[in-house]
*Asks:* 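Okay, here's the structure, questions in a sec.
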Amino acid sequence: MSTATTPPAAAPAPAAAPSSVPSLTSVFVRLKLSLLKNGLKQSGGRTAAYISSIVVAAVFAGFLVLGATLLRGDDDAVLVTVLLTGVLALSWAVMPLFVPGGDETLDPSRLVMLPLRPRPLVRALLVASLVGIGPAFTLCVTVGAALALARGAAGTVVAVLAVPLVVLVCVALSRAVAAANVRLLTSRKGRDLAVLSGLVIAVGVQVVNFGAQRLSQAGGLSTLEPAAAIVGWLPPASAVSAIDAAGEGDHAVAAAKLLLSVLALVGLAYWWQRSLVRLMVEPDGSTIGAASGAVKEKSSATGLLGRILPGGRTGTVMERSLRYIWRDPKTKAAWVSSLAVGAIVPLFNALQGTGSVYFACFASGMLGIQMYNQFGQDTSAFWMVAQTISTTADAYAELRARALALLAVTVPYTALVTTVTAGVLGDWGTLPEALGVAFALLGAMMATGALASAKYPYSIPQDGAFKNVAPGQGGLAWISIFGGMLAAALLCAPVIAATVLLHLWAGALLWAVLPFGVLYGALVVWGGLKVAAPRLAGRLPEILAAVSKG
């Protein structure tokens, strides 16, 4: 009789080891690095532009660190470093909203549908924000300030704490302001209202400019001591001021100033967190009722433009460009800022009695920048324009009409600013020559802008409030604009040389600079459009791909 063998009981399976889940911070840092790497892989030109931006920032930061180091032991070291830190923090607060740049990891609206808790999200975004050229530049400047002020063991300890604290406060300030205003700037009406912020910044820059002029007239930095004393108690400059206080042996003041920067960092993080919570859990009411309250376009508006503008393709393209200026929030913001700064610089200097009629050329330069990257404002809709361009003649007609639309605004505006500046200064004799140089510069900017638009286009994303250039294209945009401005300045050399020679040898003929500048500017515009047209016609697929990145 056989006995059945009972199979042995299966051994219990070992408990599965818990899978290691990466922290949210490391995920965002890797995402930031991946976006940078993939953006640089898109083309060799973008890689070169980004590397060039790093080199320029590194050289500038190196000079600042060297200058701060040379100030070590100087009586004005505290004054300079504290005010420099204050200006740097102010730049972090306002410039990311208006300076071209792109960072997908820092756009909170892209994270709304993800199950992320606010506190870890703030921490992850803050650390990811530290990856980039801006934070590295800020770190170098702060290290230079610490080297200039640190004395003794106490000063060194405070400097070690103050350097990262300043960088963190600057980055947190920038991100908190961005998150708090994301809905304001992403809504149509809100982005129109945000144009006023550009005016505030423009005025603020001129206040700094006039302060520098008064400083040069006073003949020393001592006049800035009251301002430095106040800024020294404002975070994050208070952390830099704490280094000097610790070196002087005033440990209580140093601790108080350092504590102010710590409290500022905590407060900014809390503000940032609250803004993210509102963004992710509260409905967006900025556009509620927009459909019911929308006002229909009146056909008379098109009829008015149709009567003013020429017929055919030229009038159609001009009308489209002018409507972009009026309707597109980012384009409108750029134009309003340029118009404001172009008038503020010459007129404020004239009111201070330190200006010149030639300062009106600043208006030509600011408005001429609007010719650059003409197709970026079209974004992916540029394919509709590309369908109408099949020959070099079509490309020339497109560029010429866009230039005429800009000239319809820039020419009378330049003439107005130059005339008013001459009136404020009471220097009517310089008006003709200044107008001639200004018009020549405007023509040069139009020419180089047309060529840059065809050769170095970049995308202007429409889905982010704080991005004016797609990721990976920021360096390309800056190189394109500044390279074009340098070329425009060189193109104006004949008019400038003629003005100088007439001043030296034939002052009675200086009035001739006006017609010469007008004719020369028109000739340069014509030549620039002729050079740019074949490049536009031959690079339509590349341009469409570049402007559609956002």
*Asks:* Has the side chain of Arg72 got a donor or acceptor atom that lies under 3.5 Å from a matching backbone atom of Ala150?
*Replies:*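 Side chain of Arg72 to backbone of Ala150, a donor-acceptor pair under 3.5 Å: yes, one is there.
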
*Asks:* So, does Lys32 use its side chain to make a donor-acceptor pair with the main chain of Ala128 at under 3.5 Å?
*Replies:*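 Yes, the answer is positive, given that a donor and an acceptor are paired below the 3.5 Å cut-off.
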
*Asks:* Please report the interatomic distance CD(Gln273) to CG(Leu121), rounded to the nearest 0.5 Å.
*Replies:*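 So the gap between those two atoms works out to 9.0 Å.
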
*Asks:* Are side-chain heavy atoms of Gln370 and Met445 found at a separation under 4.5 Å?
*Replies:*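 The answer is no, as the side chains (C-beta and beyond) never meet within the 4.5 Å cut-off.
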
*Asks:* Is the shortest heavy-atom distance from the side chain of Leu33 to the side chain of Arg30 under 4.5 Å?
*Replies:*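 No. Closest side-chain heavy atoms not under 4.5 Å.
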
*Asks:* What's the shortest heavy-atom distance between Ala228 and Val82, and which atoms?
*Replies:*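 Where Ala228 meets Val82 most closely, the heavy atoms are O-CG1, 3.8 Å.
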
*Asks:* Is the CZ atom of Arg117 crowded by more than 12 outside heavy atoms at less than 6.0 Å?
*Replies:*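 At most 12 heavy atoms, drawn from other residues, nucleotides or ligands, come within 6.0 Å of this atom.
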
*Asks:* To the nearest 0.5 angstrom, please state how far the OH atom of Tyr270 sits from the CG atom of Leu263.
*Replies:*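 Those atoms lie 15.0 Å apart.
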
*Asks:* Return the set of residues passing ring-ring contact (aromatic ring centres under 6.0 Å, His included) with Phe63 (not counting sequence neighbours), or none when no residue passes.
*Replies:*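 Counting only residues at least two positions away or on another chain, Phe63 forms no ring-ring contact (aromatic ring centres under 6.0 Å, His included).
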
*Asks:* Hey, does the side chain of Ser453 reach the backbone of Met371 with a donor-acceptor pair shorter than 3.5 angstrom?
*Replies:*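 Yes, because the side chain of Ser453 sits within donor-acceptor range (under 3.5 Å) of the backbone of Met371.
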
*Asks:* Applying side chain to side chain donor-acceptor pair (under 3.5 Å) as the test, list every pair that has at least one member in residues 231-240; sequence neighbours left out.
*Replies:*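 Checked against side chain to side chain donor-acceptor pair (under 3.5 Å) - neighbours excluded - the pairs reaching residues 231-240 are Ser238-Ser261.
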
*Asks:* Compare all side-chain heavy atoms of Leu339 with those of Met366 and state whether any distance is below 4.5 angstrom.
*Replies:*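 No, too far: nothing below the 4.5 Å cut-off.
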
*Asks:* Testing Leu168, Leu139, Leu147, Val240 one by one against Val163 for a side chain to side chain contact (heavy atoms under 4.5 Å, CB included), which residue passes?
*Replies:*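 One option only clears the test, and that one is Leu139.
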
*Asks:* Is there a side-chain contact between Tyr456 and Asn373 in this structure, where contact means two heavy atoms from C-beta onward sitting under 4.5 Å apart?
*Replies:*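 Side chain of Tyr456 against side chain of Asn373, heavy atoms only: no contact under 4.5 Å found.
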
*Asks:* Do you know the tightest heavy-atom contact between Ile133 and Ala57?
*Replies:*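 Shortest heavy-atom separation between Ile133 and Ala57 comes out as CG2-CB, 3.6 Å.
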
*Asks:* List the steps and the verdict of salt bridge (charged side-chain N to carboxylate O under 4.0 Å, His left out) for Arg402 and Asp378.
*Replies:* CA-CA 12 Å; Arg402 291 179 182 244; Asp378 296 350; 2.7 Å; yes

*Asks:* Before you tell me yes or no, could you show the steps for Val122 and Arg175 under side chain to side chain contact (heavy atoms under 4.5 Å, CB included), namely the whole-Å CA-CA distance, both residues' side-chain angles and the distance that decides it to 0.1 Å?
*Replies:* CA-CA 9 Å; Val122 168; Arg175 295 302 100 200; over 6 Å; no

*Asks:* Above 12 or not: heavy atoms from other molecules or residues under 6.0 Å from CZ of Arg274?
*Replies:*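 Count not over threshold, so no.
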
*Asks:* Kindly give the heavy-atom pair with the smallest separation between Val78 and Thr81, and that separation in Å.
*Replies:*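 Scanning both residues completely, I find the closest heavy atoms to be O-OG1, 3.2 Å.
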
*Asks:* Side-chain contact test, heavy atoms from C-beta onward, threshold under 4.5 Å: evaluate it for Val171 versus Leu130 and give yes or no.
*Replies:*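 Yes, at least one pair of side-chain atoms sits under 4.5 Å.
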
*Asks:* If every non-hydrogen atom of Tyr413 is compared with every non-hydrogen atom of Ala343, which pair is closest and at what distance?
*Replies:*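 Minimum heavy-atom contact is OH-CB, 3.1 Å.
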
*Asks:* Below 4.5 Å, heavy atoms only, C-beta onward: do Trp272 and Leu125 meet side chain to side chain?
*Replies:*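 Trp272 reaches Leu125 side chain to side chain.
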
*Asks:* Which residues satisfy the ring-ring contact (aromatic ring centres under 6.0 Å, His included) test with Phe137, sequence neighbours excluded?
*Replies:*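 Listed in chain order: Phe60.
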
*Asks:* How long is the straight-line distance from SG of Cys170 back to CG of Leu88, given to the nearest 0.5 Å?
*Replies:*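 The SG atom of Cys170 is 5.0 Å from CG of Leu88, to the nearest 0.5 Å.
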
*Asks:* Over all heavy atoms of both residues, which pair between Leu260 and Pro235 is shortest? Give the atoms and the distance, please.
*Replies:*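 That closest heavy-atom pairing would be O-CG, 3.5 Å.
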
*Asks:* Has the side chain of Ser241 got a donor or acceptor atom that lies under 3.5 Å from a matching backbone atom of Ala237?
*Replies:*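 Judged by distance alone, no pair lies under 3.5 Å.
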
*Asks:* Only pairs at least two apart or in different chains count here, so list each side chain to side chain donor-acceptor pair (under 3.5 Å) that has a residue in residues 135-148.
*Replies:*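 Pairs touching residues 135-148 that pass the test: Trp92-Thr138.
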
*Asks:* Can you name the closest pair of heavy atoms from Leu126 and Ala172 and give their distance?
*Replies:*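 Minimum heavy-atom contact is CD1-N, 4.1 Å.
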
*Asks:* Please check this pair: side chain of Ser26 against backbone of Ser23, looking for a donor-acceptor N/O pair closer than 3.5 Å.
*Replies:*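 Checking the backbone N and O of Ser23 against the side chain of Ser26, a donor-acceptor pair under 3.5 Å is found.
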
*Asks:* Less than 4.5 Å apart, side chain to side chain, heavy atoms only: is that true for Trp335 and Leu406?
*Replies:*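 Yes - at least one pair of side-chain heavy atoms lies under 4.5 Å apart.
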
*Asks:* Would the number of heavy atoms belonging to other residues, nucleotides or ligands and lying under 6.0 Å from CZ of Arg119 be above 12?
*Replies:*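 Atom CZ in Arg119 is not crowded, with 12 or fewer foreign heavy atoms closer than 6.0 Å.
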
*Asks:* What's the spacing between Leu64 CG and Leu84 CG if we round to 0.5 Å?
*Replies:*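 Reported to 0.5 Å precision, the distance equals 6.5 Å.
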
*Asks:* Return the set of residues passing ring-ring contact (aromatic ring centres under 6.0 Å, His included) with Tyr324 (not counting sequence neighbours), or none when no residue passes.
*Replies:*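 Expected list: none.
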
*Asks:* With the side chain counted from C-beta on, respond yes when Pro236 and Leu165 share a heavy-atom pair under 4.5 Å apart, and no when they do not.
*Replies:*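 The answer is no; the side chains never approach within 4.5 Å.
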
*Asks:* Could you state the interatomic distance from CD (Gln374) to CD1 (Ile543), rounded to the nearest 0.5 Å?
*Replies:*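 It is 11.5 Å, given to the nearest 0.5 Å.
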
*Asks:* Which residues pass the ring-ring contact (aromatic ring centres under 6.0 Å, His included) test with Phe375, not counting sequence neighbours?
*Replies:*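 ring-ring contact (aromatic ring centres under 6.0 Å, His included) list for Phe375, sorted by chain: Phe382.
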
